[in-house]
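A short worksheet on the structure shown next.
What you see is a predicted model; the values in this text were computed from it and never measured.
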Amino acid sequence: MKKVLGLSFGRKMGNTEIMVKHALNACKEAGHEVRFIRVEDLDIKDCTGCIACVVGMIMGKKGACPIKDDMHIIDEAIMESDAVLFGCPTFEMTPTGTFKTVCDRLGPSHDISFRKVAIEEGLAAGKSPDQLPDMRCLKHRVGAFFSVGGAMTKNWLSFMIPTMYCLSLSQGIDIVDTYEYYGAMAYNNVVGNQPVMDRMWEMGMHLAEAVACEDEEESRRWRGDHQGVCPVCHCDMLTVIEDGAAVECPVCGIRGQHRIEDGKLKVDFSEAEQARSRLYYAGKLEHSTEIKTCAAPPGQIPNLKELLAPYKWD
């Protein structure tokens with residue numbers, strides 16, 4: 001039996017909550033333990049950008065967030081879980097403000113590239129585990145997420161799935177399925193839309209199957225019904241770079257070569273580029289190393305206070 005966590009960023013008994021619970025019921029029927037959290041019920045404060053978390057880990061400490069609120073409830077629930085399901089409504093083509101706030105709070109502070117190095121260096125230095133980042137962060141986890149939009153056209157959900165990856169990538173949660181439910185306004189409630197309910201049951205079964213796998217490679221295998229342009233995140237969004245000479249997946253941060261084949265746009269991502277996707281540890285390590293080696297140290301500008309004085313409008 002594994003532990004499956006469902007996080008809903010929607011209203012009480014709204015479409016998002018119903019869909020999360022329906023998928024969790026599939027996991028429960030498959031023999032797993034499930035837990036549901038309605039995130040909007042919690043007091044989650046904005047990240048202040050103080051970078052105490054990152055600095056703390058670089059110094060070999062826990063890297064704990066100094067903000068006191070209910071964020072610890074979500075943190076502990078994720079650490080206890082083996083799989084996580086995220087569901088979120090669409091607000092102006094993007095996830096809710098609360099969703100983005102949770103992304104910010106689970107960003108650098110929970111980045112496994114920072115945490116893994118801090119743990120390894122700390123243990124090597126003789127520190128006890130309780131002085132270091134939570135060891136459970138290194139546990140392999142799988143996840144899935146879906147978005148809900150009232151609009152009858154899919155493009156009104158265009159930034160949803162790519163943005164939702166921001167909540168899973170820093171923690172290294174391997175996403176095995178995603179789904180976009182649009183046209184929700186045509187139904188009084190999602191329970192009246194059987195194909196969508198069936199799709200959520202399927203998502204729950206995908207999670208249940210993935211979390212039960214003993215082999216990590218098989219566990220992280222993509223099970224979604226949409227392959228997408230990018231072979232890593234399976235999203236369709238692309239960024240055109242260098243005067244159209246190449247394209248980039250904005251989720252993975254990897255570059256590909258585009259072409260037209262039978263009138264359709266195709267993109268080829270090399271194995272080397274795929275391997276450095278920021279959804280993988282190598283890609284995250286690349287970024288954390290960049291921060292450690294390129295960030296300007298204190299005192300770089302000797303007369304900083306003098307230069308800042310004209311901008312203190314308090």
Side-chain angles (χ1 to χ4, degrees), residues 2-12 14-27 32 34-42 44 70-71 73-91 93-107 110-112 137 139-149 157 159-182 184 190 196 199-208 210-211 219-220 222-224 226 228 233-235 251 278-279:
K2 299 291 186 176
K3 296 181 179 181
V4 183
L5 170 66
L7 296 176
S8 171
F9 290 83
R11 293 177 291 108
K12 183 176 182 179
N15 286 340
T16 302
E17 178 166 324
I18 296 300
M19 292 166 70
V20 169
K21 289 178 176 178
H22 195 56
L24 289 179
N25 280 336
C27 294
H32 299 303
V34 302
R35 180 181 179 184
F36 171 81
I37 294 178
R38 186 184 306 113
V39 182
E40 294 296 336
D41 286 350
L42 304 179
I44 308 295
D70 292 336
M71 192 63 210
I73 296 174
I74 295 178
D75 189 6
E76 178 60 23
I78 292 177
M79 289 298 100
E80 278 290 303
S81 73
D82 300 293
V84 189
L85 171 62
F86 307 95
C88 188
T90 304
F91 287 5
M93 300 181 290
T94 64
T96 67
T98 301
F99 184 95
K100 187 58 174 65
T101 294
V102 173
C103 284
D104 294 342
R105 295 287 298 279
L106 290 177
H110 288 64
D111 192 298
I112 58 170
C137 70
K139 179 171 66 173
H140 172 63
R141 291 180 181 81
V142 295
F145 41 66
F146 66 88
S147 58
V148 181
L157 283 71
F159 295 105
M160 284 298 298
I161 296 300
T163 303
M164 291 184 79
Y165 266 104
C166 296
L167 191 48
S168 62
L169 69 87
S170 68
Q171 302 168 83
I173 299 174
D174 290 311
I175 300 300
V176 299
D177 192 5
T178 66
Y179 174 59
E180 295 176 297
Y181 173 33
Y182 62 95
V190 69
V196 174
R199 180 63 177 87
M200 290 314 300
W201 189 268
E202 179 184 53
M203 178 172 280
M205 293 304 296
H206 287 166
L207 262 185
V211 78
S219 177
R220 63 168 59 97
W222 178 250
R223 290 164 169 80
H226 181 69
C233 69
H234 302 279
C235 289
V251 174
R278 49 188 163 224
L279 297 189

What are the two closest non-hydrogen atoms of [X] and [Y], and how far apart are they?
X: Gly10; Y: Glu40; answer: O-CG, 3.8 Å
X: Ala83; Y: Val211; answer: CB-CG2, 3.8 Å
X: Ser8; Y: Thr16; answer: OG-CG2, 3.6 Å
X: Gly204; Y: Cys27; answer: O-SG, 3.3 Å

Heavy-atom distance under 4.5 Å between the side chains of [X] and [Y], does that happen here?
X: His140; Y: Arg220; value: yes
X: His234; Y: Thr178; value: no
X: Asn15; Y: Pro89; value: no
X: Cys233; Y: Ile175; value: no
X: Val39; Y: Thr96; value: no
X: Met71; Y: Val102; value: yes
X: Val142; Y: Leu207; value: yes
X: Leu167; Y: Val84; value: no

Quick one: [atom1] on [X] to [atom2] on [Y], what's the gap to the nearest 0.5 Å?
X: Met160; Y: Cys235; atom1: CE; atom2: SG; result: 11.5 Å
X: Lys139; Y: Ile173; atom1: NZ; atom2: CD1; result: 10.5 Å
X: Met200; Y: His22; atom1: CE; atom2: NE2; result: 8.5 Å
X: Ile44; Y: Ile74; atom1: CD1; atom2: CD1; result: 4.0 Å
X: Leu157; Y: Phe146; atom1: CG; atom2: CZ; result: 12.0 Å
X: Ile37; Y: Leu5; atom1: CD1; atom2: CG; result: 5.0 Å

Set of ring pair (Phe, Tyr, Trp, His ring centres under 6.0 Å) partners for [X], sequence neighbours left out:
X: Tyr181; result: none
X: His110; result: none
X: Tyr179; result: none
X: His32; result: none

Can you name the side chain to side chain donor-acceptor pair (under 3.5 Å) partners of [X], sequence neighbours left out?
X: Lys2; answer: none
X: His226; answer: Asp236
X: Gln171; answer: none

According to salt bridge (charged side-chain N to carboxylate O under 4.0 Å, His left out), who are the partners of [X], at least two apart in sequence or on a separate chain?
X: Glu80; value: Lys3, Arg136
X: Asp177; value: Arg199
X: Asp104; value: Lys100
X: Asp41; value: Arg38

Inset, instruction - Could you walk me through whether Phe159 and Thr90 pass side chain to side chain contact (heavy atoms under 4.5 Å, CB included), step by step? - result: CA-CA 9 Å; Phe159 295 105; Thr90 304; over 6 Å; no
Inset, instruction - Kindly indicate, with the supporting measurements, whether the criterion side chain to side chain contact (heavy atoms under 4.5 Å, CB included) is fulfilled by Leu7 and Val20. - result: CA-CA 7 Å; Leu7 296 176; Val20 169; over 6 Å; no
Legend entry - CA sep, side-chain torsions, deciding dist, call: Ile161, Met164, side chain to side chain contact (heavy atoms under 4.5 Å, CB included): CA-CA 5 Å; Ile161 296 300; Met164 291 184 79; 4.3 Å; yes
Inset, instruction - Check the pair Ser81, Arg141 against side chain to side chain contact (heavy atoms under 4.5 Å, CB included), reporting the backbone distance first and the verdict last. - result: CA-CA 8 Å; Ser81 73; Arg141 291 180 181 81; 3.7 Å; yes
Inset, instruction - Among Phe86, Phe145, Phe99, find the residue that satisfies the ring pair (Phe, Tyr, Trp, His ring centres under 6.0 Å) test when tested with Phe9. - result: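 Filter result, single survivor: Phe99.
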Legend entry - Residues forming a side chain to side chain contact (heavy atoms under 4.5 Å, CB included) with Cys166, sequence neighbours excluded: Cys103
Legend entry - Donor-acceptor contact below 3.5 Å, side chain Ser219 vs main chain Ala210: yes
Legend entry - Heavy atoms of other groups near Tyr182 OH, more than 12 under 6.0 Å: no
